[in-house]
Amino acid sequence: PRSLPFLVSADYHITLEAIREVKLAAEIDGRIVAMPMQEGQRVMRGQVLFRLDQVQQQASTDAAASEARKDVLNAERYIFLNDQGAVSTKERDSYITKALQSRDELRSKQATLGYKNVVAPIPGQVGSISAKLGDVVRAGGVVTSVIDNSILWVRLDVAGEDAYRVRQGLPVLLRVPGRSELVARGAVSFVAPSLDKERQTLLVKATFANAQGSLRNNQRVNATLVFDQASSLAIPA
């Protein structure tokens with residue numbers, strides 16, 4: 001016999017999840033007039049993914065800007081005249097109120113115009129695209145998603161009888177189903193403060209760095225949560 005390392009562990013068949021995945025939808029109705037993105041493309045935060053028709057909204061915004069400038073000039077003129085005693089305070093306040101309303105209307109239209117450009121909120125890769133150039137999309141309709149696979153995690157439901165063994169930092173080993181070689185090594189990053197009352201399981205999350213991009217969001221894997229490792233005598237045959 002000889003001394004060999006043995007793992008005290010538990011095995012799970014689970015699904016990898018991207019920590020950051022954002023589904024992208026238009027916030028207003030519109031026709032897609034530009035789509036400078038491709039499925040699988042790596043994008044940076046703030047990069048335009050698709051753009052809706054802006055002609056009508058731009059014209060409306062320009063008109064609101066012109067109206068706001070006119071109302072500010074009128075308000076300034078009536079403030080001056082009121083200081084000279086030429087107009088009443090009521091008239092002055094009326095023009096000031098109108099200028100404020102025009103300013104708010106302009107800000108609203110500028111915000112709506114901003115919705116015409118749909119940008120990547122996080123760095124990552126573009127997922128499947130469900131629309132094409134020229135399509136009319138409705139507010140809330142998902143067009144694509146951006147997925148950041150650089151850090152992934154798994155959720156493990158640890159049996160209640162093993163809950164006392166769990167702590168942050170414990171190693172978690174990943175393997176592809178049907179294969180024995182190790183594909184990633186991570187660690188426990190979250191331990192729930194209580195067990196699921198009905199199932200008597202403890203939710204544990206383990207995080208994995210994925211700089212090479214070999215792992216994918218929603219990929220099925222085998223995970224081994226290692227509670228301890230000890231050496232014991234073993235018979236070689």
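Here the structure is a predicted model, which means the values were calculated and not measured. All residue numbers in this chain count up from 1 along the given sequence.
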Could you tell me whether a side-chain N or O of D162 sits under 3.5 Å from a main-chain N or O of A159, the two making a donor and an acceptor?
no
Transitive ILVMFWY side-chain link I147 to L24, under 4.5 Å:
no
Is the shortest heavy-atom distance from the side chain of H13 to the side chain of P177 under 4.5 Å?
yes
In short, R199 meets D157 closest at the heavy-atom pair NH2-OD2, 3.1 Å
Kindly determine whether V172 and F208 satisfy side-chain contact (heavy atoms from CB on, under 4.5 Å), including the steps that lead there.
CA-CA 9 Å; V172 179; F208 299 84; 3.6 Å; yes
Heavy-atom closest contact (V166 atom, L170 atom, distance):
CA-CD1, 3.9 Å
Within the distance-only criterion (no hydrogens, no angle test), does the side chain of S130 pair as donor or acceptor with the backbone N or O of V142 below 3.5 angstrom?
yes
Pairwise side-chain contact, E91 with S94, heavy-atom cut-off 4.5 Å (strictly under):
no
Just do the side-chain contact (heavy atoms from CB on, under 4.5 Å) check on T207 and I151 with the steps written out, would you?
CA-CA 7 Å; T207 307; I151 301 178; 3.2 Å; yes
Measuring from atom CD of Q41 to atom CD of Q47, what distance do you get when rounded to the nearest 0.5 angstrom?
5.5 Å
Are R20 and I122 packed together at the side-chain level, in the sense that at least one heavy-atom pair is separated by less than 4.5 angstrom?
yes
Count the heavy atoms belonging to other residues, nucleotides or ligands that lie under 6.0 Å from CZ of R179, then report whether that count exceeds 12.
no
With rounding to the nearest 0.5 Å, note down the distance linking CD in Q38 to CD in Q125.
12.5 Å
What's the shortest heavy-atom distance between W153 and K205, and which atoms?
CH2-NZ, 3.7 Å
Beyond-backbone contact of I14 with L156, side-chain heavy atoms, under 4.5 angstrom
yes
Report whether V43 and V22 are members of the same hydrophobic cluster (ILVMFWY, side-chain heavy atoms less than 4.5 Å apart, transitive linking).
yes
Mind listing the closest non-hydrogen atom pair of T15 and V154 along with its distance?
O-CG1, 4.1 Å
Quick check with a 6.0 Å cut-off and a 45 degree axis cone: is R92 positioned over the face of Y78's six-membered ring?
no
Rounded to the nearest 0.5 angstrom, the CD1-OH distance for I79 and Y95 is 13.0 Å
Side chains of S150 and N210: donor-acceptor distance under 3.5 Å anywhere?
no
Please indicate whether Q212 has more than 12 foreign heavy atoms, meaning atoms of other residues, nucleotides or ligands, lying under 6.0 Å from its CD.
no
Charged N to carboxylate O under 4.0 angstrom, K90 versus D93?
no
Is the closest side-chain heavy-atom distance between N222 and Y12 below 4.5 Å?
no
Decide whether R51 and N117 meet the rule of one side-chain donor and one side-chain acceptor closer than 3.5 Å.
yes
Where the side chain of R216 meets the backbone of G213, is there a donor-acceptor pair that is under 3.5 Å apart?
yes
Donor-acceptor pair, distance only, cut-off 3.5 Å: does the side chain of T144 make one with the backbone of S128?
yes
In terms of hydrophobic clustering (I, L, V, M, F, W, Y; side-chain heavy atoms under 4.5 Å; direct or indirect links), are V188 and V8 co-clustered?
yes
Donor-acceptor pair, distance only, cut-off 3.5 Å: does the side chain of Q168 make one with the backbone of F190?
no
If you measure from CZ on R77 to CG on L81, what distance do you get to the nearest 0.5 Å?
7.0 Å
Could you grab the distance from atom CE of M37 to atom CD1 of I129, nearest 0.5 Å is fine?
4.0 Å
Quick check: does any side chain N or O of D53 sit under 3.5 Å from a backbone N or O of I32, one acting as donor and the other as acceptor?
no
Taken to the nearest 0.5 Å, the spacing of N218 CG from L16 CG works out to 9.0 Å
Indicate, with yes or no, if L133 and L52 share a hydrophobic cluster defined by side-chain heavy-atom contacts under 4.5 Å among Ile, Leu, Val, Met, Phe, Trp and Tyr.
yes
Using a strict 4.0 Å threshold on nitrogen-to-oxygen distance, state whether E181 and R175 make a salt bridge.
no
According to a 4.5 Å side-chain heavy-atom criterion applied to Ile, Leu, Val, Met, Phe, Trp and Tyr, with indirect links allowed, do L203 and L225 form part of one hydrophobic cluster?
no
Non-hydrogen side-chain atoms of Q84 and F80 separated by less than 4.5 Å
yes
Given E198, which of D196, T201, L195 fulfils the side chain to side chain contact (heavy atoms under 4.5 Å, CB included) condition?
D196
Note, L152 side chain near I19 side chain (heavy atom, < 4.5 Å)
no
Salt-bridge test for D29 and R138: reply yes if a basic N is under 4.0 Å from a carboxylate O, no otherwise.
yes
Grab the two heavy atoms, one from L106 and one from A68, that are nearest each other, plus how far apart they are.
CD2-CB, 4.2 Å
Any side-chain heavy-atom pair from S102 and R69 closer than 4.5 angstrom?
no
Give me the atom names and distance for the closest heavy-atom approach of V137 to A131.
CG1-CB, 4.3 Å
Under 3.5 Å donor-acceptor, E21 side chain and A18 backbone
no
